[in-house]
Participant: 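One structure, as structure tokens, below. Some questions next.
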Amino acid sequence: MITLMHISCTEDRPRAANAHVADELHAGLNAPDAWISPKFLYDALGSKLFEAICELPEYYPTRTEAAIFARHGAEIARVAGLGSTLVDLGAGNCAKAASLFPLLQPAQYVAVDISTEFLCDALERLRQRFPQIDMEALGMDFSSRFELPPQVHAARRLFFYPGSSIGNFTPDEAHGFLRRLRAQCGDDGGVLIGVDLAKDKATLDAAYDDALGVTAAFNLNVLRHVNHLVGADFDIRAWRHHGFYNAARGRVEMHLEAVRRQEVHWNCGGQACARVFEPGDCIHTENSYKYQQADAIALLERSGFEATRVWTDPQRWFAVIHAQAIH
Ligand SMILES: C[S@@+](CC[C@H](N)C(=O)[O-])C[C@H]1O[C@@H](n2cnc3c(N)ncnc32)[C@H](O)[C@@H]1O
């Protein structure tokens, strides 16, 4: 049986990419329409840049979701239940979950993130603030397979998936991911998920292409990360950020565009691979699907959950949904 790799905070962390990561990057860089998965946006610097994005006036999702938690936290806790095993998916700096600890009073807090170094630092600080809560950090990629290790309590698992990260998956991938959560949550578990709702193009364009250029730096950092992971030689100055709402596809897209001709090399399975990018060639780095509330609920229901309650902001820009596992 193949078991999923998690890295705990006390282990030495691998410095280079494992074969699976290298294969995935190679496949994307070599594809006719080049792509890099958005999960590679997050190394330690990428996680810090994302924190900075959350402070930007243009980036409404974080503050809108936080306002929903602030306004409806007590009711969210009543519906979701106290004393759960709170599994925070893509926990980042763990701030959103921590803001709910006093209300949710989790029996165990499990923070999961691919950006292991950043996660471990965040969890260390959290342990000092909440010494009474049993905490685990799992450095892992949950995008294709998801299996929690035995140290995660089996009872009353509440999967916390804020920030509309579900939007980084296509609807089909999101369905597969939610099915895997359903398989891991037993019959007494559920999800508490934040979903960004469809809205006007100007608001979305600004949110993913801010005036200060923080989102541009966040997107460009993926090339720095890929250089590190597979010994590539991307010249970051030779690429430009684009972030815009594609209304026909119902998603924000982020791309990097080559500003001059260049040959990029990387290590693929011990061999040197290369690709020429012409000016105007793009690498697709992120999708962020925007949902209609009814479609988000239908997706949860197709995946083995029943929506019990939805909370939104007055503009109906963002929804927080609690859904219970069903048989
Ligand atoms: C948009 S940020 C959200 C951070 C935080 N939960 C929030 O709502 O502000 C996405 C987070 O998910 C993590 N992440 C992205 N893809 C992942 C994957 N495939 N496996 C594990 N973590 C992932 C990133 O490192 C990042 O911390």
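No hydrogens, no waters, no symmetry mates; every other heavy atom, side chains included, goes into these values. Everything quoted here is computed from the prediction, not taken from an experiment. Numbers here are sequence positions counted from 1. Numbering of ligands and ligand atoms starts at 1, following listing order.
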Participant: What are the atoms of ligand 1, with element, lying closer than 4.0 Å to any heavy atom of K39?
Facilitator: 16 (N), 19 (N)

Participant: Judged by atom type as modelled, is there a donor-acceptor pair below 3.5 Å linking the side chain of R182 to the main-chain atoms of L300?
Facilitator: no

Participant: Give me the residue, atom name and distance of the protein heavy atom closest to atom 7 (C) of ligand 1.
Facilitator: K96 NZ, 3.4 Å

Participant: At what distance is the nearest protein heavy atom to atom 2 (S) of ligand 1, and which residue and atom is it?
Facilitator: Y42 OH, 3.4 Å

Participant: Of the side chain and backbone of F118, name the one, both, or neither that has a heavy atom under 4.0 Å from an atom of ligand 1.
Facilitator: neither

Participant: Could you tell me whether F142 and ligand 1 have an N or O pair separated by under 3.5 Å?
Facilitator: yes

Participant: Looking only at atom types and distance, does a side-chain atom of N93 sit under 3.5 Å from a main-chain N or O of A122, one as donor and one as acceptor?
Facilitator: no

Participant: Of the backbone atoms (N, CA, C, O) and the side-chain heavy atoms from C-beta on, which set of S165 has a member under 4.0 Å from an atom of ligand 1: side chain, backbone, both, or neither?
Facilitator: side chain

Participant: Note the single closest protein heavy atom to atom 3 (C) of ligand 1, along with its residue, its atom name and the distance in Å.
Facilitator: F50 CE2, 3.8 Å

Participant: Output the list of atoms in ligand 1 that are nearer than 4.0 Å to some heavy atom of S143, sorted by atom number.
Facilitator: 19 (N)

Participant: What protein heavy atom sits nearest atom 19 (N) of ligand 1, and how far away is it?
Facilitator: D141 OD1, 2.8 Å

Participant: With a cutoff of 4.0 Å, is T62 in contact with ligand 1, counting heavy atoms of the residue only?
Facilitator: no

Participant: Work out which heavy atom in F169 is nearest to a heavy atom in Y289; give both atom names and the distance.
Facilitator: O-CD1, 3.3 Å

Participant: Using 30° and 60° as the class limits, which term best fits the ring planes of F146 and F177: parallel, tilted or perpendicular?
Facilitator: tilted

Participant: Take the angle between the ring planes of F69 and F160 and call it parallel below 30°, perpendicular above 60°, tilted in between.
Facilitator: tilted

Participant: According to the interplanar angle, ranging from 0 to 90°, do the rings of Y161 and F142 count as parallel (below 30°), tilted (30 to 60°) or perpendicular (above 60°)?
Facilitator: perpendicular

Participant: In terms of atom number and element, which parts of ligand 1 are under 4.0 angstrom from non-hydrogen atoms of G92?
Facilitator: 27 (O)

Participant: Please determine, by modelled atom types, if N227 and R224 share a side-chain donor-acceptor pair under 3.5 angstrom.
Facilitator: no

Participant: How close does the nearest protein non-hydrogen atom get to atom 25 (O) of ligand 1, and which residue and atom is it?
Facilitator: D113 OD1, 2.5 Å

Participant: Distance-only, no hydrogens or angles: does the D205 side chain make a donor-acceptor pair with backbone N or O of Y245 under 3.5 Å?
Facilitator: yes

Participant: Does the ring centre of H255 sit less than 6.0 Å away from the ring centre of F244?
Facilitator: yes

Participant: Taking 4.0 angstrom as the limit, do R260 and D235 come out as a salt bridge?
Facilitator: yes

Participant: How does M140 reach ligand 1, if at all, at less than 4.0 Å between non-hydrogen atoms: by side chain, backbone, both, or neither?
Facilitator: backbone

Participant: Can you list the ligand 1 atoms lying under 4.0 Å from a non-hydrogen atom of G163?
Facilitator: 8 (O)

Participant: Test your reading of the structure: does I114 have an N or O sitting under 3.5 Å from an N or O of ligand 1?
Facilitator: yes

Participant: Of the protein's non-hydrogen atoms, which lies at the shortest distance from atom 5 (C) of ligand 1, and what is that distance?
Facilitator: G90 O, 3.4 Å

